[in-house]
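See structure below.
Keep in mind it's a predicted model, so treat the numbers as computed, not measured. In each ligand, atom 1 is the first atom listed, and ligand 1 is the first ligand listed.
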Amino acid sequence: MDGKFGGELRWVIVIFFLLPASFFYDIYYYTRSWLIFKLSSAPQQHDKKVKAVQKQVREWCKGDQNVHMCTARPGWQTISFREGAYKKTFHKVAINMVDILEIDTDKKTVRCEPMVTMGQLTHTLVELGWTIPVLPEMDDLTVGGLVMGTGIESSSHKIGLFQHMCVSFELVVADGSVVTCSKTENPDLFYSVPWSYGTLGFLTAVEIDIVPAKRFVRVEYKPCHSLDNLVQTFTEETNKIDGNQFVEGLMYSLNSGVVMTCNMATSAEPGKLNPIGKWYKPWFFKHVQTFLEKDLQGVEYIPLRDYYHRHTRSIFWEIQDIIPFGNNVIFRYLLGWLVPPKVSLLKLTQGQTVKELYEKNHFIQDMLVPLSTMRDALEVFEKEVKIYPIWLCPFKLPPNPGMLHPPNDAETLFVDIGTYGVPKVNNFEPVATTRRIEEFVRKVKGFQMMYADSYMTREEYRQMFDHTLYDQVRKSLNCEKAFPEVYDKVSRKARI
Ligand SMILES: Cc1cc2nc3c(=O)[nH]c(=O)nc-3n(C[C@H](O)[C@H](O)[C@H](O)COP(=O)(O)OP(=O)(O)OC[C@H]3O[C@@H](n4cnc5c(N)ncnc54)[C@H](O)[C@@H]3O)c2cc1C
Ligand SMILES: NC(=O)C1=CN([C@@H]2O[C@H](COP(=O)(O)OP(=O)(O)OC[C@H]3O[C@@H](n4cnc5c(N)ncnc54)[C@H](OP(=O)(O)O)[C@@H]3O)[C@@H](O)[C@H]2O)C=CC1
Ligand SMILES: CC(C)=CCC[C@@H](C)[C@H]1CC[C@@]2(C)C3=C(CC[C@]12C)[C@@]1(C)CC[C@H](O)C(C)(C)[C@@H]1CC3
């Protein structure tokens, strides 16, 4: 879809075509998983589905093995910025595994298949009084994508990244056999899987910790009017040993922002309930900004699912560029219940015009840097792109084996700096600007989230991510012919 409808009138396509399509898509999957759970048919089907994956891999083994393998999930369906070019040429293995297999409340784990989404998990678990400790909040993120890539949320400062609450993985590896791994069983494989982007094997099941859920989240909004104040408040709140189940920051300029500290609660104080997930409610980031404007500290109680998916309706703040009047009160009351359009359908229908617009004039990155370097990092982002709001999400990084190591191999607090939008500086140049920021991140021993565009060279990439264990495991599992190296899947050159 090109021309005007691909550019400034994209919203026409979105409202009249994508929103209804997204609605029916959701209804179909919602009903399907509800029925499957009611019939309790998923656990019996699982072994059959694993065998189907094994069969496909063994067929590849019998062939001449001259192309690598990847999952058959089309690039447009994923929550990454671009599609992998390799999806056109690789041998595709279908992994149609979309079900929750078991909720074990004694062991406190949920076992699910890799295509289970975050929206599906919250619907299921929260209703039963449980939740997972780190719940990356966009509804359509999948367990498989989050394990193989990475996931983060505002509880990560207590728990770590998505990978750190995973108990075990089940994979079909290069020779078609099934391997399970955990901290005690095949630990090398267990620690190498996160950030391996499907280059060690096909994931078929994941066991994840669960914790009791409460009905509400008590949110305290703390407006800050200087960079020093914001960095100090954010750091103190993140460091509180016993307090704050969730900590999040939204910055509206280099010198202003709101730090939110949150805890689950069983009941709400009268008059302070705010069901922000309802279709007529303002976008969450706009709502948070009102606390800054009024310079008011405030307390609210948000229903748990609404809290988890607080940035979903506005796709963080990306929806502003897609439906410019989306936060208008009339639009919200009339059509707010249809929002957001599915990222996958947006990707599927975007034309060359939009692609080029985003290529030249849009910046989407999440950079994970040690909390102690947060101030410098924010100044670098201000100088290089000047995009606001900025999303701040703290997380702890334990000194585990694998791709990510904290400085000096000691558990360290990090912060994810998320910048999504149109740069406001005059000298923005996508490649050069991103490369300068990547260089800063490497210098402070941080990491780039690889769903976005990365312009690092192979050497720079290997400098950022420790490949020692990964290389070893690839060798022992004979991955060379079966899967490419991570770099060849995630670098900008590998994506279209
Ligand atoms: C996969 C899935 C998708 C769901 N999707 C939605 C949704 O989209 N929207 C929504 O509002 N609600 C959804 N739900 C929630 C569902 O409606 C509630 O879980 C239901 O209300 C549970 O109440 P109940 O008393 O009927 O449970 P129960 O009668 O105890 O269980 C209901 C069924 O689930 C099976 N079951 C129970 N525990 C497990 C387990 N640990 N592993 C496997 N099967 C189990 C039981 O065998 C039974 O057939 C979903 C649940 C699941 C599991
Ligand atoms: N809050 C957060 O933490 C957010 C995280 N993200 C990012 O989004 C991505 C997840 O998006 P999503 O659409 O769910 O996933 P994707 O389909 O984009 O998959 C991501 C990677 O995981 C691999 N993968 C997925 N499933 C399997 C499997 N069963 N077996 C082997 N490899 C698999 C894919 O391999 P292949 O290429 O072969 O398909 C791909 O390389 C992650 O990279 C995450 O970091 C994005 C937004 C927010
Ligand atoms: C760690 C966290 C919280 C990351 C959040 C990342 C989101 C803001 C990203 C993930 C996918 C993402 C890059 C996407 C887009 C915006 C930013 C998103 C949603 C959009 C919708 C922008 C518009 C584009 O035309 C297009 C449809 C291709 C993309 C799709 C992916």
Going by distance alone, is a donor N or O of one side chain under 3.5 Å from an acceptor N or O of the other, for [X] and [Y]?
| X | Y | answer |
| --- | --- | --- |
| Glu248 | His311 | yes |
| Gln365 | Thr419 | no |
| Ser344 | Tyr25 | no |
| Ser168 | Glu207 | yes |
| Thr261 | Glu237 | no |
| Tyr86 | Asp488 | no |

Identify the protein heavy atom lying closest to [atom], giving its residue, its atom name and the separation to 0.1 Å.
| atom | answer |
| --- | --- |
| atom 46 (C) of ligand 2 | Leu141 CD2, 3.7 Å |
| atom 32 (N) of ligand 2 | Gly198 CA, 3.3 Å |
| atom 6 (C) of ligand 3 | Tyr451 OH, 3.3 Å |
| atom 2 (C) of ligand 3 | Tyr420 OH, 3.5 Å |
| atom 4 (C) of ligand 3 | Asp366 OD2, 3.2 Å |
| atom 16 (C) of ligand 3 | Glu318 CG, 3.4 Å |
| atom 7 (C) of ligand 3 | Met138 SD, 4.1 Å |
| atom 18 (O) of ligand 2 | Thr78 CB, 3.2 Å |
| atom 23 (C) of ligand 2 | Met148 CB, 3.6 Å |
| atom 1 (N) of ligand 2 | Ile152 O, 3.2 Å |
| atom 21 (C) of ligand 2 | Tyr197 CD2, 3.7 Å |
| atom 13 (O) of ligand 2 | Ile79 N, 2.7 Å |
| atom 22 (C) of ligand 3 | Tyr358 CE2, 3.6 Å |
| atom 15 (C) of ligand 3 | Ile364 CD1, 4.3 Å |
| atom 42 (C) of ligand 2 | Gly145 O, 3.5 Å |

Do other residues, nucleotides or ligands put more than 12 heavy atoms under 6.0 Å from the [atom1] atom of [X]?
| X | atom1 | result |
| --- | --- | --- |
| Glu480 | CD | no |
| Lys386 | NZ | no |
| Lys445 | NZ | no |

> What part of Ile152, side chain, backbone, both or neither, has a heavy atom within less than 4.0 angstrom of ligand 3?
Replying inline: side chain
> How does Glu137 reach ligand 3, by side chain, by backbone, by both or by neither, if only non-hydrogen atoms under 4.0 Å count?
Replying inline: neither
Below 3.5 angstrom, do we get any N/O pair linking [X] and ligand 2?
| X | result |
| --- | --- |
| Leu203 | yes |
| Glu137 | no |
| Lys87 | yes |
| Lys489 | yes |
| Gln77 | no |

Kindly state if [atom] has a protein heavy atom within a strict 4.0 Å cut-off, that is, under 4.0 Å?
| atom | value |
| --- | --- |
| atom 20 (C) of ligand 3 | no |
| atom 5 (C) of ligand 2 | yes |
| atom 31 (C) of ligand 3 | yes |
| atom 12 (C) of ligand 3 | no |

>> Before we go on, tell me: are the rings of Tyr307 and Phe246 under 6.0 Å apart, centre to centre?
In response: yes
>> Between Phe285 and Phe316, is the ring centroid distance below 6.0 Å?
In response: no
For ligand 3, which atoms, with element, lie under 4.0 Å from some heavy atom of [X]?
| X | result |
| --- | --- |
| Phe316 | 3 (C), 5 (C), 8 (C) |
| Ile315 | 19 (C) |
| Val354 | 25 (O) |
| Val343 | 30 (C), 31 (C) |
| Met449 | 1 (C) |
| Asp416 | 1 (C) |
| Ile79 | 10 (C), 11 (C) |

> Between Met115 and Gln120, which heavy-atom pair has the shortest distance, and what is it?
Replying inline: O-OE1, 4.4 Å
> Taking all non-hydrogen atoms of both residues, which atom of Glu113 and which atom of Val98 are closest, and how far apart?
Replying inline: OE1-N, 3.1 Å
Please round to the nearest 0.5 Å and tell me the distance separating atom [atom1] of [X] and atom [atom2] of [Y].
| X | Y | atom1 | atom2 | value |
| --- | --- | --- | --- | --- |
| Asp209 | Met165 | CG | CE | 8.0 Å |
| Leu378 | Ile390 | CG | CD1 | 5.5 Å |
| Trp195 | Asp466 | CH2 | CG | 13.5 Å |

> If only atom types and distance count, is the side chain of Lys87 paired as donor or acceptor with the main-chain N or O of Thr71 below 3.5 Å?
Replying inline: yes
> Is a donor on one side and an acceptor on the other found under 3.5 Å between the side chain of Lys489 and the backbone of Tyr197?
Replying inline: yes
> Looking only at N/O atoms, are Gln350 and ligand 3 under 3.5 Å apart anywhere?
Replying inline: yes
If you measure from [atom] to every heavy atom of [options], which option wins on shortest distance?
| atom | options | result |
| --- | --- | --- |
| atom 25 (C) of ligand 2 | Cys393, Pro194, Gly149, Gly144 | Gly144 |
| atom 27 (C) of ligand 3 | Thr312, Ile319, Leu346 | Leu346 |
| atom 16 (P) of ligand 2 | Met115, Met138, Arg73 | Arg73 |

>> Looking at Lys49 and Asp99, is there a salt bridge between them, counting it only when a charged N and a carboxylate O are closer than 4.0 Å?
In response: yes
> Under the side-chain contact (heavy atoms from CB on, under 4.5 Å) criterion, do Val110 and Ile132 qualify, and how do the steps go?
Replying inline: CA-CA 8 Å; Val110 57; Ile132 55 172; 4.0 Å; yes
Output side-chain donor-acceptor pairs under 3.5 Å for residues 77-84, partner residues at least two apart or in another chain, one line each.
from	atom 1	to	atom 2	distance (Å)
Thr78	OG1	Gly75	O	3.1
Thr78	OG1	Ser80	N	3.4
Thr78	OG1	Lys347	NZ	3.1
Arg82	NE	Asp453	OD1	2.7
Arg82	NE	Asp453	OD2	3.0
Arg82	NH2	Asp453	OD2	2.6

